[in-house]
Protein chains: 2
Amino acid sequence: MAATIRDVAKLSDVSVATVSRVINQISTVNPETQKRVKKAMEQLKYEPNLVAQGLASKKTQTIALILPNISNPFFSDIVRAVEDVAQSNGFTVILCNSDGLVSKEQSYIEVLRKKYIDGIVFASNTLRIEDIEQLKKDNISLVVLDYSSTMESCSIIRAKNREGARMAVSHLLEIGCKKIAHIYGPIGDQTAKNRLEGYEEMVHSFSWYSPTLLVPGHFTINGGFEATKMLLEKHPDVDGIFAGNDLMAVGVLKALHQMGKKIPEDLAVCGFDGIYLTEITQPELTTIAQPIYELGEKAAKILINKINGLLEEDNVYELDVTLIKRDSTIKAH
Amino acid sequence: MAATIRDVAKLSDVSVATVSRVINQISTVNPETQKRVKKAMEQLKYEPNLVAQGLASKKTQTIALILPNISNPFFSDIVRAVEDVAQSNGFTVILCNSDGLVSKEQSYIEVLRKKYIDGIVFASNTLRIEDIEQLKKDNISLVVLDYSSTMESCSIIRAKNREGARMAVSHLLEIGCKKIAHIYGPIGDQTAKNRLEGYEEMVHSFSWYSPTLLVPGHFTINGGFEATKMLLEKHPDVDGIFAGNDLMAVGVLKALHQMGKKIPEDLAVCGFDGIYLTEITQPELTTIAQPIYELGEKAAKILINKINGLLEEDNVYELDVTLIKRDSTIKAH
DNA sequence: AATTGCACTGAAACCGGTTACTTTAACTAA
DNA sequence: TTAGTTAAAGTAACCGGTTTCAGTGCAATT
């Protein structure tokens with residue numbers, strides 16, 4: 001149906017090799033010949049077949065984005081950023097929800113490899129070293145997002161989690177909190193761990209500090225909700241809560257509301273991430289905002305640079321976070 | 001590097017055709033030959049190259065999902081559903097954010113065609129008939145989501161928008177509202193139009209009804225916010241607002257809160273969609289819930305059936321909506 | 001015994017590109 | 001004049017599969 005490279009070659013009276021050269025703007029093709037070929041391409045409405053190109057060149061202009069769950073608003077912003085960058089560089093993106101399951105990731109990676117994908121943005125905490133090695137062997141570029149590790153055999157983009165946590169606690173202290181608790185994310189998740197460490201660094205020397213001020217909330221709304229109930233049972237005098245992410249902070253808010261606590265008068269709440277949800281709650285949430293879009297953008301840009309051979313070394317990029325003060329810690333005037 | 005079909009053929013001492021037959025479980029291959037081939041495949045860790053398969057068969061086991069913006073929580077649930085179904089059927093999904101721009105959609109469709117994509121789930125209101133025809137010609141299956149139109153030359157999945165709107169208004173009437181306004185979505189958007197029509201049908205015969213009770217809110221939080229301010233200036237006695245989607249309803253809540261109105265005592269609010277945001281607001285939002293995941297699921301299933309040739313005719317599927325009563329209309333006890 | 005049908009398999013064309021290698025002709029340097 | 005470049009283009013192998021068509025051997029039919 002559609003015209004092929006051979007049709008173009010025939011019509012412009014050159015070999016397919018020459019047509020291919022024109023398409024890929026390779027080496028030296030006589031300007032006049034070039035014109036003839038281009039004219040033929042137009043006449044036939046020729047468009048290179050990307051699958052054939054992929055087979056021959058082993059480059060498919062496709063990247064994949066692996067993340068736990070797109071329903072998480074943090075990730076949907078990431079997706080948007082990655083897609084934007086990909087799109088404007090002529091790449092297409094395949095989306096993969098792993099649910100944080102190694103098995104799912106495994107099977108995705110496998111099929112992606114068989115599809116000659118050019119690179120992967122990996123926004124998940126479950127990447128294994130073997131996988132990294134395997135991908136390298138298959139010449140699939142890799143950028144890891146929101147991941148901490150001492151091992152750095154690949155490029156990593158993340159926000160300053162520990163520093164952000166310190167900022168959060170420091171803000172709570174500033175507004176006068178006398179006993180600050182922390183609700184933390186999944187153990188095993190490096191991001192959650194770094195935030196917890198930041199909290200600990202700030203509070204461990206206070207006389208009121210006790211490890212029982214640490215409660216797990218699994219990075220979910222409901223987790224934050226349950227954690228708050230548990231926490232206030234043990235420590236009714238807590239007057240500040242630093243939640244390890246915004247979703248849990250929402251849960252905190254819900255719980256406090258249900259318990260009839262006033263925010264921020266009785267208890268101040270600070271989240272982490274800066275997803276748009278924080279503007280929707282009542283009161284609006286103070287949070288440590290990551291530059292979410294920029295994280296995704298940077299990850300995609302670096303990945304594409306690697307794919308295009310413009311970047312060799314593997315670096316760790318740590319983006320700054322910012323404290324956004326809202327009504328959950330200070331009443332705006 | 002990796003083993004090819006010819007390696008397998010050589011090792012198992014058959015032709016590549018036979019190996020291909022084993023791979024695709026086609027026709028009759030002698031069980032013993034089959035065993036030999038399979039053993040060779042295992043020995044060589046052979047995995048068919050999907051790009052080559054795609055080129056030869058013009059089937060790539062890939063579908064695309066075109067939607068306005070993944071950041072919209074409604075769509076992120078859709079994505080999740082589509083991806084789940086695709087995944088479990090051996091398909092991979094390419095995500096395309098169109099921002100509702102015909103130009104972007106156009107360029108996506110073009111590149112998708114060149115990639116031999118098998119089908120498209122189109123979750124946007126801007127589809128043009130020419131595109132539908134073109135896709136048909138290229139043998140690319142199509143399912144349209146959340147789209148209304150008299151033209152039905154393709155399969156359409158949507159919720160009962162008009163009926164849902166009627167349910168919303170009817171609920172507001174039941175709880176005693178005496179003057180109900182409607183904030184509607186973008187003109188030109190069929191979904192928004194149908195909801196508006198449902199509202200009108202329910203209220204046009206009341207003496208209090210006036211077309212000025214209709215205010216545009218663009219399906220965004222901020223749009224709902226502005227609309228509410230405008231509305232209450234003109235109609236301070238409105239005591240019920242039906243927002244055309246949940247995002248606008250959130251905006252309504254924010255505006256009312258700012259104006260010091262009590263919800264639902266002074267004003268009752270009902271949204272539409274049933275995104276999880278409605279459980280996060282204070283008060284929680286009454287809404288007409290669409291079965292969002294099911295919409296995406298159904299769309300993907302139908303698409304894949306069409307791709308696999310199991311489904312020929314084009315149907316319109318209308319899924320039921322349900323009223324979820326929450327504190328923005330009735331105080332729970 | 002000749003014919004037909006069927007199960008099984010192979011040869012080779014094909015999908016639509018890329019690219020290593022070669023050839024040709026014109027151009028430069030010695 | 002002659003060898004050495006170089007720009008421009010062609011030939012054909014190659015990427016790794018699918019599929020059409022043809023052929024073989026053997027059992028069933030007449």
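In what follows, chains carry the letters A, B, and so on, assigned in the order in which the sequence lines appear, proteins first and then strands, with residues in each chain numbered from 1.
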Heavy atoms from C-beta onward define the side chain here; which of C:dG16, D:dA12, D:dG17 lies closest to that of B:Thr4?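 Closest nucleotide to the B:Thr4 side chain: D:dG17.
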Between C:dC8, D:dT19, D:dG17, spot the one nearest the side chain of B:Ala56, thanks.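 My answer, after comparing the listed nucleotides, is D:dG17.
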Any side-chain N or O of [X] below 4.0 angstrom from OP1/OP2 of [N]?
X: A:Ser15; N: D:dA9; answer: no
X: A:Asn49; N: C:dC15; answer: no
X: A:Thr18; N: D:dG10; answer: yes
X: A:Thr33; N: D:dA8; answer: no

What donor-acceptor contacts under 3.5 angstrom involve side-chain atoms of residues 83-98 of chain B, with partners at least two apart or in another chain?
from: B:Glu83; atom 1: OE1; to: A:Asn97; atom 2: N; distance (Å): 3.1
from: B:Glu83; atom 1: OE1; to: A:Tyr108; atom 2: OH; distance (Å): 3.2
from: B:Glu83; atom 1: OE2; to: A:Tyr108; atom 2: OH; distance (Å): 2.2
from: B:Asp84; atom 1: OD1; to: B:Arg80; atom 2: NE; distance (Å): 3.0
from: B:Asp84; atom 1: OD1; to: B:Arg80; atom 2: NH2; distance (Å): 3.2
from: B:Asp84; atom 1: OD2; to: B:Tyr293; atom 2: OH; distance (Å): 2.5
from: B:Gln87; atom 1: OE1; to: A:Tyr108; atom 2: OH; distance (Å): 3.3
from: B:Ser88; atom 1: OG; to: B:Asp84; atom 2: O; distance (Å): 3.4
from: B:Ser88; atom 1: OG; to: B:Val85; atom 2: O; distance (Å): 3.2
from: B:Asn89; atom 1: ND2; to: B:Val85; atom 2: O; distance (Å): 2.7
from: B:Ser98; atom 1: OG; to: B:Leu67; atom 2: O; distance (Å): 3.4
from: B:Ser98; atom 1: OG; to: B:Gly100; atom 2: N; distance (Å): 3.0
from: B:Ser98; atom 1: OG; to: B:Glu105; atom 2: OE2; distance (Å): 3.3

Separation of [X] atom [atom1] from [N] atom [atom2], in whole Å?
X: B:Arg21; N: C:dG10; atom1: CZ; atom2: C1'; answer: 8 Å
X: B:Gln53; N: D:dT18; atom1: CD; atom2: P; answer: 5 Å
X: B:Tyr116; N: C:dC15; atom1: OH; atom2: P; answer: 9 Å
X: A:Lys59; N: C:dG17; atom1: NZ; atom2: C1'; answer: 16 Å
X: B:Met41; N: D:dG17; atom1: CE; atom2: P; answer: 11 Å
X: B:Ile23; N: D:dG17; atom1: CD1; atom2: C1'; answer: 8 Å
X: B:Arg6; N: C:dG10; atom1: CZ; atom2: C1'; answer: 13 Å
X: A:Glu32; N: D:dA7; atom1: CD; atom2: P; answer: 18 Å

